[in-house]
K.L.:
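What follows is a single structure, and I will ask about it in a moment.
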There are 2 protein chains.
Amino acid sequence: MGHPKGQETHHSRILDALLQKIVSGAWPPGFQLDRETDLAAQFCVSRMTMNKVLTQLAQDGYVVRRRRSGTFVAKARTQSAVMAINNVADEVAALGRRHRWRLDAREVRKLGAADLRLLGVRRASVPEDALSLSGVHFADDEPFCFEMRAINLHVVPGAQGVGFDREVPGSWLLQTMPWSTARNSVRAVNVHGRDAGRLDLPDGTACLEILRKTEIGGDWVTYARLLYPGEAFQLTAEFEPKAAQDGAAPETGG
Amino acid sequence: MGHPKGQETHHSRILDALLQKIVSGAWPPGFQLDRETDLAAQFCVSRMTMNKVLTQLAQDGYVVRRRRSGTFVAKARTQSAVMAINNVADEVAALGRRHRWRLDAREVRKLGAADLRLLGVRRASVPEDALSLSGVHFADDEPFCFEMRAINLHVVPGAQGVGFDREVPGSWLLQTMPWSTARNSVRAVNVHGRDAGRLDLPDGTACLEILRKTEIGGDWVTYARLLYPGEAFQLTAEFEPKAAQDGAAPETGG
DNA sequence: TAGTGGTCTAGACCACTCC
DNA sequence: GAGTGGTCTAGACCACTAG
């Protein structure tokens, strides 16, 4: 409920007041708020200002608004986690440790079935010419993450001219392809053989495996497989209450 | 860039137009937009409408706005994942499988040091009277998740009257304590002994361990430890580009 | 100190939907 | 048909900050 900086505006004052009613339970899920014009009068502001507040509450999922019926405290809820993920270099830096990247392999080729399986690709997304990379990220000279990656050279032709022995692939791509979207999946795996050796771990150690597919404009940009020693790394996420977008029946009955 | 429903408003039309310039790279990071009044004139709308659009772009992290200097396409970026997490019962249902909950233990007691360590509690947050629960979630009669949980009876006294042999703790809490916030951390662990047995897994199997602390108004509501067989479960998250909140230096040179 | 964004207003018209 | 939210305007004053 805190507003980071800037002085009190009507907007923030009213937002806090309404939010307090909602999260405290004084206005339970399903509760009908007064109409926009009445609330505006109660708080001595114009309807535009009150509308801005209520619109924001609706966007944040705290209330549901329906023409002709009114504004209701949201009912169906879910937990929504916002997890900031930069890239491995930034993760290491954020831990206050020194990051180093060691490139182990770099070649241009078409992706084979084995590559696709490892990278978690399901449909054969037309195995284009790809730059295939693998290497290890170190934190204070300790293996922190094994990375294998394919970069679509049809989408990012510039990658062919980059050595990636100094440039970290993830950081380079983030700068080169702004506004790309990614889909990640996270699971736990027992590492064996070469994967274990790459991270200097005993056979069978639990690791977090992140499979990441990055897209832009419908084309895949890069597939990445990141392997973190389970004990040394953890994802954290802040969860905030959020109303479900659908199924939020605004019945007053509760 | 699509707007789910509702007809074209000036707002959405302009938002799409500006967003297209940004994500397409026509306006690269650091690019200075025209001033609010000029953009309003160019799009033939009032300054208020244009302000609303630019404010939203700024809130979404696509641009950075500074008084007296202007509006700039954001530079420093990070990937921000929005991960919707309900509770185990919903997760199982979402997979199209039948959920069953088996309560294994239920007792009221103060939390000991061992409990706190297991639940990932660092500071001794005043071990209040707690309802301690543990049990297993099944998906189609297959162990899906082992859960151990402590509920703060000072914050949720009503929990004492609930058996939790039929009620699933997570679902019950979500309904009972709306608008609580949670902090999750995810890591991979090798399960041994009792933990392995609870999930019917061989010793040493990699599992995802989620430690969840739920708070409301500064008090802890519940600590939970959720253990998922690594192979059978994966977290997925959609990532969208987002500008970093700080450090977004609006230099035009960049 | 001048120029930019930040906020607010009073009023208006429109779209949707429950009755 | 009537009442609710959705959107938009023209104008105004204020706050911040780069120059």
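Throughout, a chain's letter reflects where its sequence line sits, starting with A, and its residues are numbered from 1.
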K.L.:
If the condition is salt bridge (Lys or Arg N to Asp or Glu O under 4.0 Å), which residues does B/R68 pass it with, not counting sequence neighbours?
P.N.:
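With sequence neighbours excluded, B/R68 shows a salt bridge (Lys or Arg N to Asp or Glu O under 4.0 Å) to no residue whatsoever.
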
K.L.:
Using a heavy-atom distance cut-off of less than 4.0 Å, which residues of residues 33-46 of chain B contact DNA chain C?
P.N.:
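When residues 33-46 of chain B is checked for heavy atoms under 4.0 Å from DNA chain C, the hits, listed by number, are B/R35, B/E36.
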
K.L.:
For D/dC16, take OP1 and OP2 only and decide whether either is under 4.0 Å from a side-chain N or O of B/R66.
P.N.:
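Answer is no, no contact under 4.0 Å.
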
K.L.:
For the pair made of CZ in B/R65 and P in D/dT17, what is the distance, rounded to whole Å?
P.N.:
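These atoms are roughly 15 Å apart.
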
K.L.:
Quick one: stems involving DNA chain D, counted as three or more successive Watson-Crick or G-U pairs, both distances short of 3.5 Å.
P.N.:
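The stems are C:1-18 with D:1-18.
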
K.L.:
Taking the nucleotide of DNA chain C with the nearest heavy atom to each, does A/M48 or A/R68 sit closer to the 5' end?
P.N.:
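Nearest nucleotide further toward 5': that of A/M48.
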
K.L.:
Distance only, no hydrogens: is a donor on one side chain within 3.5 Å (strictly under) of an acceptor on the other, for B/E91 and B/H99?
P.N.:
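Distance-only check fails for B/E91 and B/H99.
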
K.L.:
Are any non-hydrogen side-chain atoms of A/I22 and A/F31 less than 4.5 angstrom apart?
P.N.:
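No. Closest side-chain heavy atoms not under 4.5 Å.
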
K.L.:
Run the side-chain donor-acceptor check on residues 160-168 of chain A: report pairs under 3.5 Å with partners two or more places apart or on a different chain.
P.N.:
none

K.L.:
Do B/W101 and B/F138 have their ring centres less than 6.0 Å from each other?
P.N.:
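Ring centres of B/F138 and B/W101 not closer than 6.0 Å.
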
K.L.:
Find every protein N or O atom lying less than 3.5 Å from an N or O atom of nucleotides 12-14 of chain C, and list the pairs.
P.N.:
unit_1: C/dA12; atom_1: N6; unit_2: A/R47; atom_2: NH1; d: 3.0

K.L.:
Please determine whether a side-chain nitrogen or oxygen atom of B/S69 lies at a distance below 4.0 Å from atom OP1 or OP2 of D/dT17.
P.N.:
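Checking D/dT17 against B/S69, no side-chain N or O comes under 4.0 Å of OP1 or OP2.
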
K.L.:
So, is A/T49 near the phosphate of C/dT9, with a side-chain N or O under 4.0 Å from OP1 or OP2?
P.N.:
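For C/dT9, OP1 or OP2 has a side-chain N or O of A/T49 closer than 4.0 Å.
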
K.L.:
Which of parallel (below 30°), tilted (30 to 60°) and perpendicular (above 60°) describes A/F144 and A/Y228?
P.N.:
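Rings of A/F144 and A/Y228: perpendicular, over 60°.
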
K.L.:
How long is the line joining CG of A/N51 and P of C/dT7, in whole Å?
P.N.:
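These atoms are roughly 15 Å apart.
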
K.L.:
Any non-hydrogen side-chain atom of A/L208 less than 4.5 Å from a side-chain atom of B/L208?
P.N.:
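Contact flag for A/L208/B/L208 side chains = yes.
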
K.L.:
How many angstroms lie between CD in A/E147 and CG in A/L103, if you round to the nearest 0.5 Å?
P.N.:
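The CG atom of A/L103 is 9.5 Å from CD of A/E147, to the nearest 0.5 Å.
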
K.L.:
Using a cut-off of less than 4.0 Å, is there contact between a side-chain N or O of B/H11 and OP1 or OP2 of D/dT7?
P.N.:
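Answer is no, no contact under 4.0 Å.
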
K.L.:
Holding to side-chain hydrogen bond (donor to acceptor under 3.5 Å, both in side chains), I want the full list of residues that pass it with B/T55, two or more places apart in sequence or in another chain.
P.N.:
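Only B/N51 meet the side-chain hydrogen bond (donor to acceptor under 3.5 Å, both in side chains) criterion with B/T55.
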
K.L.:
Calculate, to the nearest 0.5 Å, the distance between atoms OG1 and CZ belonging to A/T222 and A/R212 respectively.
P.N.:
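A/T222 atom OG1 to A/R212 atom CZ measures 9.0 Å (nearest 0.5 Å).
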
K.L.:
Round to the nearest Å and state the distance from A/K52 atom NZ to C/dC8 atom C1'.
P.N.:
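Value for this atom pair: 9 Å.
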
K.L.:
Take the protein atom CD1 of A/I14 and the nucleotide atom C1' of C/dT7, then report the distance between them rounded to whole Å.
P.N.:
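Going from CD1 in A/I14 over to C1' in C/dT7 covers 12 Å.
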
K.L.:
For residues A/T71 and A/R65, is any side-chain donor paired with an opposing acceptor at under 3.5 Å?
P.N.:
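Checked: A/T71/A/R65 side chains pair up, N/O donor to acceptor below 3.5 Å.
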
